[in-house]
Amino acid sequence: MEAAILRVRGLAAGYGPVHALSSVSLEVPDGAVTAVLGGNGAGKSTLLRAVSGTLRFQGGAITGGTIEFAGERLDGRNAAQIVAAGVVQVPEGRQVFARMSVADNLRAGALGARHGRRGEQEARDRVLGLFPVLAERAHQRAGLLSGGEQQMLAMGRALMARPRLLLLDEPSLGLAPMMAARIADTVREINDQGTAVLLVEQNAALALGLASRAVVLENGTVALSGTADELAASDEVRRRYLGVGDEEAAADAEAGIRAEHDHSDGRPTLRRWVA
Amino acid sequence: SSKAEDDNTGGGGNAGNGDAGDGESLATGPGVTDDTISLGALTDMTGPYATLGVSITQAQQLYVKEVNEEGGVCERDLELTTRDHGYDASQAISAYNELEPNVLAYTQFIGSPFVTAIKDQVDSTDHAVIVAQAWTASLLGSEYIHMVGSTYDVETINAIDFLVDEKGLSEGDSIGHVYFEGDYGENALEGARYAAEELGLTISEQQIKPTDEDMTAQVGTLAREGVSAIIVSAGPRQAASVAGVAAAAGLNVPIIGNNSAFAPQLLATDAAPALLNEFYIAAPTLPIGSEEEGPSTLAEAYLAEYPDATLDNGVVAGWNAARLVTDALRIACDNNDLTREGVAAAMQELNDYDNAFGIVHDFSDPANPSSLESFILTPDTDTPGGLVVEREAFVSELAESFPRE
Amino acid sequence: MTTFLELLITGISLGSVYALIALGFVIIFKSTEVVNFAHASLLLAGGYFAVVSRDTLGFWLALLVGIAGAALLGMLLEFLIIRRYRGRDHSVLAIVTIGIDIVLITELARRIGPQIFSYRDPWGNTMMQLGPVSIPQTRVAAFVVAAALITVFLLAFRYTSWGVAMRAAAEDRGTAALMGVRLGWISASAWAVAGALAAVAALFLSIFPTTGLDRETGLIALKAFPAAIIGGLDSTTGALAGGLIVGVTQSLATGYQSELSFLGNGIGDLAPYLVMVVVLLIRPAGLFGTRELSRV
Amino acid sequence: MSHEVSGTPTDTTVLDTPPAPPRLEVIDLTVRFAGLTALDGVSFAVEPGSIHAVIGPNGAGKSTCFNVLSGVYRATSGSVRLGERELTGLAPERIAALGVARTFQNLALSDHATVADTMLLGRHRLTRTGFLAAGLRLPSAVREEARHHERMREIAAFLGLERYLGVPAGILPYGLQKLVELGRALCMEPEVLLLDEPIAGMTPTERRHVAGVIAAVRENLGVSVLLVEHDMGVVMRLADTVTVLDFGRRIAHGDPERVQNDPEVARAYLGTNGGAETSSATAFTGTPEPKTDPTAPPAGHPAPDTGAPEASDTPEGSPPDGPSDGGEAGATR
Amino acid sequence: MSDLLTRVRRGAGEKGPGGPASGRPGRTPRDLVTPGLWLLLGLVLMLLPFYLEAFWLRAGLFAMAAAIGAIGLNLLTGATGQLSLGHAFFLAIGAYGYCVFAGDPDAGVVGFGMPPLLAMVLAVLLAGAAGGIFSPIAGRLRGAYLGIATLALIFIGQHVLFNAHDLTGGYNGRSVPPLDILGFTFDNERVMVASVPFQAVEKLWYLGLILLVLGALFARGILRSRPGRAMNAIRDHRIAAGVMGVPVARYRGAVFIISSMYAGLAGVLLALIFQRTVPSYFGLILALEYLAMIVIGGLGTVGGAVLGAFFVTVIPQVLTRYSEALPLVSAPGTGGVAPGEVSRYLYGAAVVAAVLFLPGGLVRLPAVLRARRARRRAGTTDTGNMEVPS
Ligand SMILES: Nc1ncnc2c1ncn2[C@@H]1O[C@H](COP(=O)(O)OP(=O)(O)OP(=O)(O)O)[C@@H](O)[C@H]1O
Ligand SMILES: Nc1ncnc2c1ncn2[C@@H]1O[C@H](COP(=O)(O)OP(=O)(O)OP(=O)(O)O)[C@@H](O)[C@H]1O
Ligand SMILES: [Mg+2]
Ligand SMILES: [Mg+2]
């Protein structure tokens, strides 16, 4: 395994009374894609927020453990310092600056990085090359873009900082298949250019296809970890996150319904309501 | 325990215990004990009239202190309870009612709306003598509520009389009147309108709000209309701005303000040159800086007590009011009736009352101000309090004939 | 005609001072989405700091002290209070600023007491002749200063990273932080700028033709509310336009008071609010404000 | 598709055949935003009781179409009919009153409202209690509240949400929040249900659950469902008919099988020559090499003019042909 | 259902907050204690006029009137999210409306001499109508724009109050005819009840109590059922509310009207307590005080409005009353900090503190304390990811 660029050890974090992460340890090798899998509420986003120093904006805080990036401690630093160190996150749900133009969103992405005007221009060219639609919409207000366009903008904006480690929180959410594939390509491309990626994905198939290593978070702790291939082969992962392997359900909507009905919790049939 | 009243103290609350110290039967009312007489003061020390309120209150506290040092009134010490209502109606009315059961009279009540608000209650049930710190005609008519000196309407008539007599205004001329919304300005305006009509002058009315501090627009309008004089029934800042703008714009006309339109602090500002030129104030007392005995002793005593304070007309007003109440108490004591009605009756006896501030007052007629006289003052940098007498106390004939319903 | 011209020029000169205050509102609103009702106290504080140091430091240094003091106070408010707010609803923060205002105004009024402070400024009572109209030199100065400052901020918002960062922070602090925006610095700087502008406005509001600074001076900030709204709360150009409109409206309504007497006395102060209501009826986000757009 | 398999009717006695909902017809619908045509003469019809999917690349105009259908945007031209009723031009609440319910692509929930209250909001159109009755707690209001509360619980139970009724919606995980939105829409007892990406961001298990729910809803209640979804696996299995949009235009239409094999669709949307069994998962695990740049306009298609809104500091007039929300362009929060 | 969901369910099911519409579990002892406490509180309030001196009764009455007004504002600003700085205007309409309707026809100012009870009802309706006239404007504006537009109401209101002498009596206001219900007059005529003399305050106390309780129950009824849900939805997500079938504009208008009517009622009550209405009272400061009330007490709740109203109105009175006895506070005229100033520091700071440290306001204080105690007792054990944050 290559040298780890990010080392998380015994990380615990929570939101006030809510404990979202407890003793999470993982390593992100330099120049590779690492995937984090897990169900809803497993703590994936919390992990990324902890790394990027933005937990406090959600009312959360790191309560224990350490985060090391390229040999330097990140925990305890503020978000701006972390960005300056080269760690940039694309937040869940895109969160583009809705009332700013697309162009200004991209400019905002370059705020934290100190690469000078030239650097900014280069970064912009690269981003617009990846996502030509952003050039077309440069003057449109970002909030009016479609969901997928916003996702592209969010990615592009993060790349403006030319990060060494990119944290991606569910980049494929709500994307058309082709667009998701394109994002996947982009991730691969970015990675090839030497940027390490920590990828959180609900879409395990996509994630495992991209990643060299992966961890599975469950209930705020690391349940499984290993190479992507190992995990992809694991029954547990296949059944729970890839949605395959359960012979009865077989990723089939109808079977899903039947399965639900067979369940003893006995979800009732909904009858039409008569007033 | 409950508020249930015992039968022997039930009733009007003015009966009191008859056992006064000196054997004779002195009737006493609320606020009077064997060794103290409680008085109330309702003031504004944190609201828009704080400047006035602080001076009045300090002067009254000083007065009470002096009286007590000289043995008090009716062998009792005076006790002054002050409540700051911050010019808020609910606070003012609460404060009045809070003090009401425990004081014999009020030496101060700032805020004519609030005085008006409790007027009916005073007349019908409370009967406490109140010296109000507002000189508007709307407060006249109660035998319990008094003001020391002329009301704003009369003062304004006198001011116009001064302009005509000494500043050469004549029939056909026009006067600008810059006045506050509310009863101070409006009461003054009534006087101005009456005098103007009688004298064949026209009034150019400019109503402003206490928050307006820049009088450029108003003075500009007056200048275009070619006024020959300006009356200011507003606050000191507005008066200063009027004077300053008029001077700068070359509108060289006499400006005269009501008593409340001047503060000595103005003379430390850039407005000073304009004010020292042709600016006058009509006032119901001698200025604090006068050489006469009344003002000069007060000024001395006040500065001794409050070395950092400013001498302004609030000091005079507060002192006079406290003194008026005390003198009424003395008469009531002589009459063996230290009840509220007794104090009110004593006020009526003060029909020739010289308080050493240049004007003789008559408090016997509730329907009329205690005096119709005004001094005309003018700013002067070298005098404490910043004002000197320009024209001695006088009553305009018009003021005498001013109809009062 | 001269009358009208004179009123117009008086109004513009007064309006430029309102515009300065409104600009402060707008900058705070743009960067932190807070409607700052504490602006009156920033203004009064700036003036107070300046006038109390006038005697020892002389006019220009004292003015600097006032500006720096108000800027610092603004930053302090941002640091101690605004920044601590965890919720999302910015109208709650607006109410917080009301609380701040009450405390600060009370304290400043207590300190100022009965005094009327004079700046003893270099312009004095000189009037300037503009064609048939003469207006105070101080107001010309106010107009020039206001126009210059507003232009500077307009450009800054549009073209500097500071402007981009400020707008980003205004929208979503969390995401802006992800971009490496130093949030603390950004919103503190907005509050500082607003404080500084208020201090400049305080100067022009307490020198000729006004008498001086006293405890009531801050109330004039109330005039800047309709100014900021008429222009549009998030528009720096709007602040200028709104300020001028309020100034001119007020001046005209005062000047033609006798013609307008059917509306009651003292219409001059009410007129800006009436204009504001009319503007809002036609353009709910003010003349230059951006309509809030969002999609689902 | 084979909806006879789905939703085993357990209790046939109470399942009176629901009256068919009216047909929803979109005719030549065009929506333009300042300089950008989001929908360009789109027509399709949702047959009563069917599941109709609308798919297309990001920015194709699917949500815009939903926004017009639910009255959030006003169409530039064209018309939408529900049975006999014309929907274009009606305010959102009027459309809701006709039985059109929807969910939102990005959640539109109150964070602090409990799940129960959130779902009861959906009952708004079915209930009458006004301010007076509510304030005075008139018996009629109490009765109504109880009755609808009961029904809301039924729907919650159906969705598996009954445990969370007392919990603020905002603290639920994303998947559950989406389910709450669906519950809220179901609480409107809709005739037509518009679902904008109902399973995006869910785990496979949750996806299966929700897909089952959708099928069961159609089966049990007989409502028409208009579905926007990028998970092709689910779309193919659930939908009876599919309409494909690209750059605001309809590029394909028909049953899922046909649409999936349409080369145009593959080019513009799927990015592969997508076989019938293409699931979202397999589409990603392979190494898809998009042949064309998906974001570039197809040949012959006019590039959208983006002379649109100016930078934020300039006055922005309402685009003459913009969508309208009670007189204002665009939707406003 | 996925087991992830089940896990979540475990956490939440144990200790859901039991929101208004959630399933109500069987009665716990606490459920029985609460009605008992309310009963006791009611009894105490009923008995107070027999023990408290008039000063405190009057302070209490001011607070009750304020509470009614604050409830109305909280419906508008707290529950529907429409910021209003113009509440004082509607208070003024209520107060002056009552005077005009009930006023003596021959008293120099316009008065219709109606029966006071009718006048009271009409005044409340008039306030509602005024709100109705403004509501189309209110319906168009958002957030800060609405807030400042309502500010115009204050200035317009003051202008009218000062200028329409015939109606309002001008600067010094006009006197308020006492309320009279079926021959029982709420004036200063002493009536002995259990040998306690009852004057205006004592009599009005009961009127105030009744109006407050009715007003509070009415508002609670609204908030906890269909209209309340719609109002909250408009506040939280206007577009979604419309799509769910809520006629947003109509609702916003209706809430504006109802809120104005509450203000009108508060105005009538205030007028009855003052026995005189003065225009300067109904200014910006008053409007800001009402906003402070609902923030300090708690946005969007009836209890919050009531608590906030008591806090904001009673604190200055207490401080003024005990100015001599309090440390740091000095009697007027002795230099130092005046009680009026202290109370302003206090409630200004309270607004800030409430928002920063007690989001949800005073009403949430017991819940927050309870949660903190519970947490301390339970230590910091992980109670699952779905525990409801307090
Ligand atoms: N702002 C917040 N306040 C309180 N609790 C929160 C907050 N954000 C998340 N949580 C809780 O923390 C836990 C972990 O949430 P997190 O968002 O990290 O999960 P996730 O794995 O990203 O889920 P998803 O797939 O839904 O994005 C969940 O139980 C969630 O409810
Ligand atoms: N209110 C608006 N003003 C201006 N442009 C808009 C508005 N709403 C949508 N658009 C534009 O219309 C186009 C279609 O958007 P829409 O949201 O309908 O796409 P979509 O098909 O739902 O995409 P996705 O799958 O990404 O959600 C986009 O280019 C978007 O930028
Ligand atoms: Mg997440
Ligand atoms: Mg969409």
Side-chain angles (χ1 to χ4, degrees), chain C residues 25 29 33-35 37 77 80-82 84-87 89-107 109-110 219 222 225-226 228-230 232-234 263-267 269-270 272-277 279-281 284-286 289 291-292 294-296, chain E residues 77 81-83 85 134 136-137 140-149 151-156 158-160 162-164 235-240 243 284-285 288-289 291-292 294-296 299 336-338 340-357 359-360:
Chain C
F25 274 134
F29 184 82
E33 295 241 307
V34 177
V35 180
F37 288 104
L77 292 181
L80 294 178
I81 297 169
I82 305 299
R84 319 272 149 195
Y85 177 64
R86 291 269 165 269
D89 185 353
H90 287 275
S91 57
V92 172
L93 262 183
I95 301 177
V96 169
T97 62
I98 293 174
I100 296 173
D101 191 56
I102 292 167
V103 173
L104 283 182
I105 286 277
T106 309
E107 174 62 16
R110 195 174 68 84
L219 287 179
L222 277 179
F225 282 113
I229 287 284
I230 288 173
L233 262 182
D234 59 349
L263 287 173
N265 289 322
I267 195 71
D269 281 291
L270 187 59
Y273 282 94
L274 295 178
V275 170
M276 175 183 84
V277 170
V279 167
L280 286 181
L281 272 178
R291 238 177 303 95
E292 252 187 85
S294 64
R295 49 161 302 165
V296 281
Chain E
T77 301
Q82 290 180 271
L83 183 62
L85 296 174
F134 192 74
I137 304 177
R140 280 174 63 82
L141 303 178
R142 319 249 171 280
Y145 287 94
L146 177 61
I148 297 177
L151 198 59
L153 282 179
I154 297 276
F155 290 92
I156 294 170
Q158 294 262 296
H159 184 76
V160 172
F162 280 125
N163 278 287
R235 175 193 61 197
D236 294 334
H237 208 301
R238 199 175 48 81
I239 297 174
V243 170
L284 183 58
I285 304 275
L288 297 185
E289 279 181 3
L291 278 178
I294 60 173
V295 169
I296 293 174
L299 282 171
V337 189
E341 288 163 343
V342 174
S343 66
R344 263 180 254 180
Y345 291 137
L346 213 74
Y347 93 77
V351 170
V352 177
V355 172
L356 295 190
F357 306 117

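Each chain gets a letter, A, B and so on, in the order the sequences are listed, and its residues count up from 1.
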Audit row: E:Y345, C:R110, side chain to side chain contact (heavy atoms under 4.5 Å, CB included) steps and yes/no: CA-CA 12 Å; E:Y345 291 137; C:R110 195 174 68 84; 3.2 Å; yes

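For chain C, the nearby part of E:L85 is the side chain; its heavy atoms alone come within less than 4.5 Å. Using a 4.5 Å cut-off between heavy atoms, C:I230 makes no contact with chain E at all. Heavy atoms of E:L299 lying under 4.5 Å from chain C belong exclusively to its side chain. Contact of E:L346 with chain C is not made at all, since no heavy-atom distance falls under 4.5 Å. Heavy atoms of E:Y347 lying under 4.5 Å from chain C belong exclusively to its side chain. With a threshold of 4.5 angstrom between heavy atoms, C:I95 approaches chain E through its backbone and through its side chain.
When the candidates E:L83, E:L151, E:V160, E:L146 are compared by the number of heavy-atom contacts under 4.5 Å with chain C, E:L151 comes out ahead. Among the candidates C:V35, C:I81, C:L104, the residue making the largest number of heavy-atom pairs closer than 4.5 Å to chain E is C:I81. Heavy-atom pairs under 4.5 Å with chain E peak, among C:D101, C:V92, C:L93, C:L233, at C:L233.
In this structure the side chain of E:L288 never reaches within 4.5 angstrom of the side chain of C:F37, judged on heavy atoms. Side-chain contact between C:R84 and E:V355 is absent, with no heavy atoms from C-beta onward closer than 4.5 Å.
The CG atom of E:L291 sits 5.0 Å away from atom CD1 of C:I98, with the distance rounded to the nearest 0.5 Å. Of the inter-residue distances, the one linking E:R344 atom CZ with C:I102 atom CD1 reads 8.5 Å to the nearest 0.5 angstrom. To the nearest 0.5 angstrom, C:L270 atom CG is 10.5 Å from E:Q158 atom CD.
C:V277 approaches E:A152 most closely through the heavy-atom pair CG2-CB, 3.7 Å. The shortest non-hydrogen separation linking C:L280 to E:Y145 is CD2-CD2, 3.9 Å. When all heavy atoms are compared, the tightest approach of C:F29 to E:A144 is CE1-CB, 4.4 Å. When every heavy atom of E:A149 is checked against every heavy atom of C:M276, the shortest pair comes out as CA-CE, 3.6 Å.
Shown here is E:I285, whose CD1 atom has no more than 12 heavy atoms of other residues, nucleotides or ligands within 6.0 Å.
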